Asks: 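Just passing along the structure, written as structure tokens.
Here the structure is a predicted model, which means the values were calculated and not measured.
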Amino acid sequence: LSGNDNDSIFYPQLLGRAIEYYFYPNSSVPVFCPTTEQFADFEALVTAIEPLSIRAGICKIIPPKQWRQALEEQQQGKSAGDRECVYDEAEFPIMKPIVQHFNGSRGIFHQYNVEFHRRLRLAQFFQMSQDASHRAPEVKPDDDDMPETKPPDDDLAEEEEEEEEEPCCQSDTVGIAVDYGAGQVRLTTAAAAALQEGIRSDAQRAKFAPATARYRAQPDVADEPAADHNGVRPGRRFTADDGRALFVGAREYALNEELERVYWKNLLFQPPMYGADVLGSLFPAEAAFAAWNMRRLPGLLRLIGQRMPG
């Protein structure tokens, strides 16, 4: 490649400025951190980063903080008690999740998909997803040198205890509720009652506990960078303009590596299951959240003039 070609690949630009990125440690996978303006034109962003991303076959894009903050401010009403957005499962099609089966050994596997044996509604699928056999395991790297995480302060611990007292969102709608600010998903009281009523065994019905899920947000401040022999490039910065870390922290990298090890170790014993090709999204309505939204992704599929599943 000529010098100009290298510049266009390894130093992608959009709207007159460079698109910040780094490589995931010990890989050729780029992780992009576009500005708010660059992220707003998502199709142009993808076009600009494609030459570099195609070398690895995959990439990751971390949205700007402004987008994340706008999403976290989404709520059903104006009061603090209405901070959750409730989604009626009647608006989602009944799904038949895909179960991935594998056979093989020594790192070479054959994978085939089989539809789950019964149809599930949204609340049923969510409750099942939080079962220990399907939930991502709690992993801890076996390394005494890993930096310790900061313990939660007393106020936060008290808030979590209070939330545990309310396992469901108080709502007559059969569905699930999302608190974007807290990063929490849980059943509505109506959905939990319907699920419990559907359990035939009295003993199992008595043991029923509504599921609650928390999703991890991108940390504002990462710990020290992980050992990375591929990510160093001339003039590299370690923080974006909005404070996002332009590297993978050592602890986060160790946790990811351990989770991947556990995944491959148990692949033949616990087939993964996921809801594939299901219309619907837990993102806010387009009218309420006009920014990048899973409910309306830009791209070529929007130009064919008809809806497609998935």
Asks: Counting distance only, does the side-chain N/O of Y21 pair as donor-acceptor with the main-chain N or O of F10 below 3.5 Å?
Replies: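 Yes: the side chain of Y21 pairs with the backbone of F10.
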Asks: Side chains of E260 and W264: does their closest heavy-atom pair fall under 4.5 Å?
Replies: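 They are in side-chain contact.
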Asks: Applying the 4.5 Å side-chain criterion to the ILVMFWY set and letting contacts propagate, would I54 and Y11 be lumped into a single cluster?
Replies: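 No, I54 and Y11 fall in different hydrophobic clusters.
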Asks: Kindly work out whether a path of hydrophobic side-chain contacts (I/L/V/M/F/W/Y, heavy atoms less than 4.5 Å apart) joins M294 to V178.
Replies: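 Yes, M294 and V178 fall within the same hydrophobic cluster.
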Asks: So do F247 and P25 actually touch side chain to side chain, heavy atoms under 4.5 Å?
Replies: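 When only atoms from C-beta onward are counted, F247 and P25 do not touch, as no gap falls below 4.5 Å.
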Asks: When you measure from the side chain of Q13 to the backbone of A48, do you find a donor-acceptor pair of N or O atoms at a distance under 3.5 Å?
Replies: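 A pair under 3.5 Å: no.
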Asks: Atom CG of residue position D131 - does it have more than 12 heavy atoms of other residues, nucleotides or ligands inside 6.0 Å?
Replies: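 Yes, because the 6.0 Å sphere around CG of D131 holds more than 12 heavy atoms from other groups.
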Asks: Can you check whether I62's main-chain N or O pairs, donor with acceptor, with R68's side chain at less than 3.5 Å?
Replies: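 It does not hold such a pair.
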Asks: Nearest heavy-atom pair of Y180 and E72: which atoms, and what distance?
Replies: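 Closest pair (atom of Y180, atom of E72, distance): O-CG, 3.5 Å.
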Asks: Output yes when a side-chain donor or acceptor of R186 lies under 3.5 Å from a complementary backbone atom of E166, and no otherwise.
Replies: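 Side chain of R186 to backbone of E166: a pair is present.
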Asks: Drop me the distance from W292's CH2 to I61's CD1, to the nearest 0.5 angstrom.
Replies: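 Nearest 0.5 Å value for the CH2-CD1 distance: 8.5 Å.
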Asks: Can you tell me how far the CZ atom of R200 sits from the CZ atom of R205, to the nearest 0.5 Å?
Replies: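 Interatomic distance, R200 CZ to R205 CZ, rounded to 0.5 Å: 11.0 Å.
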Asks: Is any side-chain heavy atom of R244 closer than 4.5 Å to a side-chain heavy atom of P64?
Replies: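 Yes, close enough: below the 4.5 Å cut-off.
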Asks: Looking at side-chain heavy atoms only, is the closest gap between C59 and I49 below 4.5 Å?
Replies: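 C59 reaches I49 side chain to side chain.
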Asks: Side chains of R261 and E258: closer than 4.5 Å at any heavy-atom pair?
Replies: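 Yes - at least one pair of side-chain heavy atoms lies under 4.5 Å apart.
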Asks: Tell me whether the count of non-hydrogen atoms from other residues, nucleotides or ligands lying under 6.0 Å of CZ in R295 goes above 12.
Replies: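 More than 12 within 6.0 Å, yes.
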Asks: To the nearest 0.5 Å, what is the distance between CG on L297 and CD on E43?
Replies: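 L297 atom CG to E43 atom CD measures 10.5 Å (nearest 0.5 Å).
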Asks: Is a donor on one side and an acceptor on the other found under 3.5 Å between the side chain of R135 and the backbone of Q130?
Replies: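 It does hold such a pair.
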Asks: Grab the two heavy atoms, one from P271 and one from V99, that are nearest each other, plus how far apart they are.
Replies: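 That would be CB-CG1, 3.6 Å.
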Asks: Is the backbone of A290 close enough, under 3.5 Å, to the side chain of R296 for a donor and an acceptor to pair up by distance?
Replies: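 Answer holds: no.
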Asks: Please test Y24 against K60 for side-chain contact (heavy atoms from CB on, under 4.5 Å), starting from the C-alpha separation and ending with a verdict.
Replies: CA-CA 9 Å; Y24 191 82; K60 179 178 180 179; over 6 Å; no
Asks: How about Q66: does its CD atom have over 12 heavy atoms from other parts shown lying under 6.0 Å from it?
Replies: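 No, because the 6.0 Å sphere around CD of Q66 holds 12 heavy atoms or fewer from other groups.
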Asks: Side chains of E115 and I98: closer than 4.5 Å at any heavy-atom pair?
Replies: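 Yes - at least one pair of side-chain heavy atoms lies under 4.5 Å apart.
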Asks: Given 3.5 Å as the limit, does a donor-acceptor pair link the side chain of Q38 with the main chain of R17, or not?
Replies: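 Yes; judged by distance alone, with no hydrogens or angles, the pair exists.
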Asks: Looking at V174, is its backbone amide N or carbonyl O close enough to the side chain of E89 to form a donor-acceptor pair, meaning the two atoms are under 3.5 Å apart?
Replies: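 No, because the side chain of E89 does not come within donor-acceptor range (under 3.5 Å) of the backbone of V174.
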Asks: If you look at every heavy atom in E37 and L15, which pair is closest and at what distance?
Replies: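 That closest heavy-atom pairing would be O-CD1, 3.5 Å.
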Asks: Search all heavy atoms of A191 against all heavy atoms of G175 and return the closest pair with its distance.
Replies: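 For A191 and G175, the tightest heavy-atom pair comes out as CB-O, 3.2 Å.
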Asks: Can you label the angle between the F109 ring and the F102 ring as parallel, tilted or perpendicular, going by 30° and 60°?
Replies: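 Taking F102 first and then F109, their aromatic rings stand perpendicular (interplane angle over 60°).
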Asks: Minimum heavy-atom separation for I176 and A123, please, with both atom names.
Replies: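 Smallest heavy-atom distance, with atoms named: CG2-CA, 4.4 Å.
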Asks: Angle between ring planes, W67 versus F283, binned at 30° and 60°: parallel, tilted or perpendicular?
Replies: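 Ring orientation of W67 relative to F283: tilted.
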Asks: How close do D179 and A182 get, heavy atom to heavy atom, and via which atoms?
Replies: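 Closest approach of D179 to A182: OD1-N, 3.1 Å.
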Asks: Relative to each other, are the rings of Y87 and F92 parallel, tilted or perpendicular (30° and 60° limits)?
Replies: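 The arrangement is perpendicular - the two ring planes meet at more than 60°.
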Asks: To the nearest 0.5 Å, what is the distance between CG (L268) and OG (S105)?
Replies: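 The OG atom of S105 is 8.5 Å from CG of L268, to the nearest 0.5 Å.
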Asks: Quick one: does F32's side chain get under 4.5 Å of V46's, heavy atoms only?
Replies: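 Heavy-atom side-chain distance check fails, nothing below 4.5 Å.
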Asks: Please report the interatomic distance CZ(F23) to CZ(R55), rounded to the nearest 0.5 Å.
Replies: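 Rounded to the nearest 0.5 Å, the CZ-CZ separation comes out at 7.5 Å.
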Asks: Report yes or no: does T189 contribute a side-chain atom to a donor-acceptor pair with the main-chain N or O of S171 at less than 3.5 Å?
Replies: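 Side chain of T189 to backbone of S171: a pair is present.
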Asks: Under 3.5 Å, side chain of D242 to main-chain N/O of T35, donor-acceptor pair present?
Replies: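 It does not hold such a pair.
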Asks: Can you tell me how far the CZ atom of R118 sits from the CE atom of M95, to the nearest 0.5 Å?
Replies: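 Taking CZ in R118 and CE in M95, the distance rounds to 12.0 Å.
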